[in-house]
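Contents: one structure, followed by commentary.
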Number of protein chains: 2
Amino acid sequence: MNIGDVAQRSGLPAKTIRYYEDIGLIKPMRDTNGYRRFRDSDLHKLAFLGRARALGFTIEDCRTLLALYEDNTRASADVKDLAQAHLAKIEDKILQLQSMRDTLSELVHSCAGDNRPDCPILSDLATGQH
Amino acid sequence: MNIGDVAQRSGLPAKTIRYYEDIGLIKPMRDTNGYRRFRDSDLHKLAFLGRARALGFTIEDCRTLLALYEDNTRASADVKDLAQAHLAKIEDKILQLQSMRDTLSELVHSCAGDNRPDCPILSDLATGQH
DNA sequence: CTTGACCCTCCAGTGACTGGAAGCCCTATG
DNA sequence: CATAGGGCTTCCAGTCACTGGAGGGTCAAG
């Protein structure tokens, strides 16, 4: 398969796939014309990466996950630990965003949104007081 | 005030304050020795920026907000629109993260986390099937 | 006069791509 | 056989909002 094929099948942009090769996540073969030639195993890895990235794992996490995936002697505890740490970060971020949302939502609702200049949003930003 | 003072009072790192000057958000004076000299109005702006950033506004949004803040003829609708658009983005991101969290949480719970290699997290990443 | 805490500028790196330029390769058509 | 298009290649630069560090000037206290 050429890069266009795997891009379509994996759902990843060709640019991203080249980038993943650059940073050593995949190692496709090369045809004599210089084109990358992808085996099924490469496609498989890319799909794996796509799903891991969609769950918000960092590239370095993905590298580790791939290594664990390919190591048949892994302990599932290692995978679970990684996933749990990541889950904790996500939950943290959700809390942060929710707090932003709550404040912002309150401000938005308290603003008339007409053509007068008075604006509680700006007042709040200026003073830190509601 | 020198940069250290405003850093402490605004809660922003000195590096960040220099960066904000670089990109034209603030324009502190200079002493003869080359040190930045901050007026109260600069400190005020920095505090404003700190609060806007804490609400997740981008730097460009902050630039606009500052301009609106300093424009006494602004329409509060302009501020509200900006804030509402930002709120929508935050809510979007929360939904994305919650979806990640749900999937991930399910996977984590289904993984034994012992020293055996069997791991539903990896199986899911590999196949996209639970 | 020295020490230590400030301050300065400039450069490079972060994460994970993304866009674009310049140019080679392959296939199909006139 | 020439050409047009689409796909492939590499390399460089830009994104966002800082952050770290090198290398060096300035200031107040002892």
Side-chain angles (χ1 to χ4, degrees), chain A residues 1-39 42-43 45-46 48-66 85-86 89-90 93 96-97 100, chain B residues 1-39 42-43 45-46 48-66 85-86 89-90 93 96-97 100:
Chain A
M1 284 176 283
N2 280 348
I3 199 166
D5 300 317
V6 272
Q8 185 143 38
R9 297 201 206 182
S10 67
L12 296 171
K15 276 268 183 192
T16 298
I17 295 171
R18 288 195 196 98
Y19 173 67
Y20 285 174
E21 183 189 15
D22 248 33
I23 62 173
L25 285 178
I26 52 166
K27 295 180 180 44
M29 317 256 78
R30 293 289 177 142
D31 273 347
T32 46
N33 61 10
Y35 286 19
R36 290 170 182 80
R37 189 160 45 84
F38 295 84
R39 291 150 300 189
D42 294 317
L43 176 55
K45 274 195 203 180
L46 286 170
F48 184 103
L49 289 168
R51 281 186 283 264
R53 292 286 303 129
L55 287 178
F57 285 103
T58 65
I59 288 286
E60 283 318 301
D61 282 350
C62 289
R63 199 188 294 279
T64 306
L65 285 170
L66 258 188
H86 179 48
K89 272 185 210 153
I90 287 180
K93 210 173 266 179
Q96 275 178 39
L97 286 173
M100 282 184 195
Chain B
M1 284 176 284
N2 281 347
I3 200 167
D5 299 318
V6 273
Q8 183 143 40
R9 296 200 208 186
S10 68
L12 296 171
K15 277 269 183 189
T16 299
I17 296 172
R18 289 194 196 98
Y19 173 67
Y20 286 174
E21 183 188 15
D22 248 32
I23 62 173
L25 285 178
I26 51 166
K27 294 181 180 42
M29 317 256 77
R30 292 290 178 142
D31 273 346
T32 46
N33 60 11
Y35 286 20
R36 289 170 183 80
R37 190 160 44 82
F38 295 83
R39 290 151 299 190
D42 295 316
L43 175 56
K45 275 196 204 180
L46 287 169
F48 183 103
L49 290 168
R51 280 186 283 265
R53 291 287 299 129
L55 287 178
F57 285 104
T58 66
I59 288 286
E60 284 319 300
D61 282 350
C62 288
R63 199 187 295 280
T64 306
L65 285 170
L66 258 188
H86 178 48
K89 272 184 211 156
I90 287 180
K93 210 172 267 180
Q96 275 178 38
L97 285 173
M100 284 183 195

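Here is how names work: the chains are called A, B, and so on, in the same order as the sequence lines, proteins then strands, and each is numbered from 1. Scope of the values below: all heavy atoms of this structure, side chains included, with no hydrogens, waters or symmetry mates. For clarity, every value in this text was computed on a predicted model and none was experimentally measured.
In this view, A/Leu43 and A/Met1, A/Val6, A/Arg9, A/Ser10 satisfy the side-chain contact (heavy atoms from CB on, under 4.5 Å) rule, not counting sequence neighbours. Every side-chain contact (heavy atoms from CB on, under 4.5 Å) that A/Glu21 has, sequence neighbours left out, goes to A/Ile26, A/Pro28, A/Arg30, A/Arg36.
Between B/Leu25 and B/Lys45, every side-chain heavy-atom pair lies at or beyond the 4.5 Å cut-off. Annotation: side chain of A/Phe57 is not in contact with side chain of B/Met100 (no heavy-atom distance under 4.5 Å). When side chains are defined from C-beta on, A/Tyr35 does not count as touching A/Ile3, because their heavy atoms never get closer than 4.5 Å. The shortest distance between side-chain heavy atoms of A/Asn2 and A/Phe38 does not fall below 4.5 Å.
Distance check: A/Arg51 CZ to A/Leu46 CG gives 10.5 Å after rounding to the nearest 0.5 Å. With rounding to the nearest 0.5 Å, the separation of CG in B/Leu65 from CZ in B/Arg53 is 11.5 Å. Distance check, rounded to the nearest 0.5 Å: CG of A/Leu66 to CD1 of A/Ile59 gives 10.0 Å.
Within residues 16-35 of chain A, the residues approaching DNA chain D are A/Arg18, A/Arg30, A/Gly34, A/Tyr35, by heavy-atom distance under 4.0 Å.
If you walk DNA chain D from 5' to 3' and mark each nucleotide with an atom closer than 4.0 Å to a heavy atom of chain B, the marks span D/dA17 to D/dC27. For DNA chain C, the contact window with chain A, defined by any atom under 4.0 Å from a protein heavy atom, covers C/dA16 to C/dC26 in 5' to 3' order.
Salt bridge B/Asp42/B/Arg39: present, at least one basic N to carboxylate O contact under 4.0 Å.
Of the two residues contacting DNA chain C, namely A/Thr58 and B/Arg37, the nearest-nucleotide position lying further toward the 5' end is that of B/Arg37. Mapped onto DNA chain D by nearest heavy atom, B/Lys15 and A/Arg36 fall at different nucleotides, with A/Arg36 at the one closer to the 5' end.
Looking only at distances, no side-chain donor or acceptor of A/Asp31 sits under 3.5 Å from a matching main-chain atom of A/Asn33. Looking only at distances, a side-chain donor or acceptor of B/Arg63 sits under 3.5 Å from a matching main-chain atom of B/Ile23. Counting only distance, with no hydrogens or angles, the side chain of A/His86 and the backbone of A/Leu55 share a donor-acceptor pair below 3.5 Å.
Comparing the end axes of the helix from C/dC1-D/dG30 to C/dG30-D/dC1, each fitted to five base pairs by superposing C1' atoms of four pairs onto the next four, gives an inter-axis angle of 30° (nearest 10 degrees).
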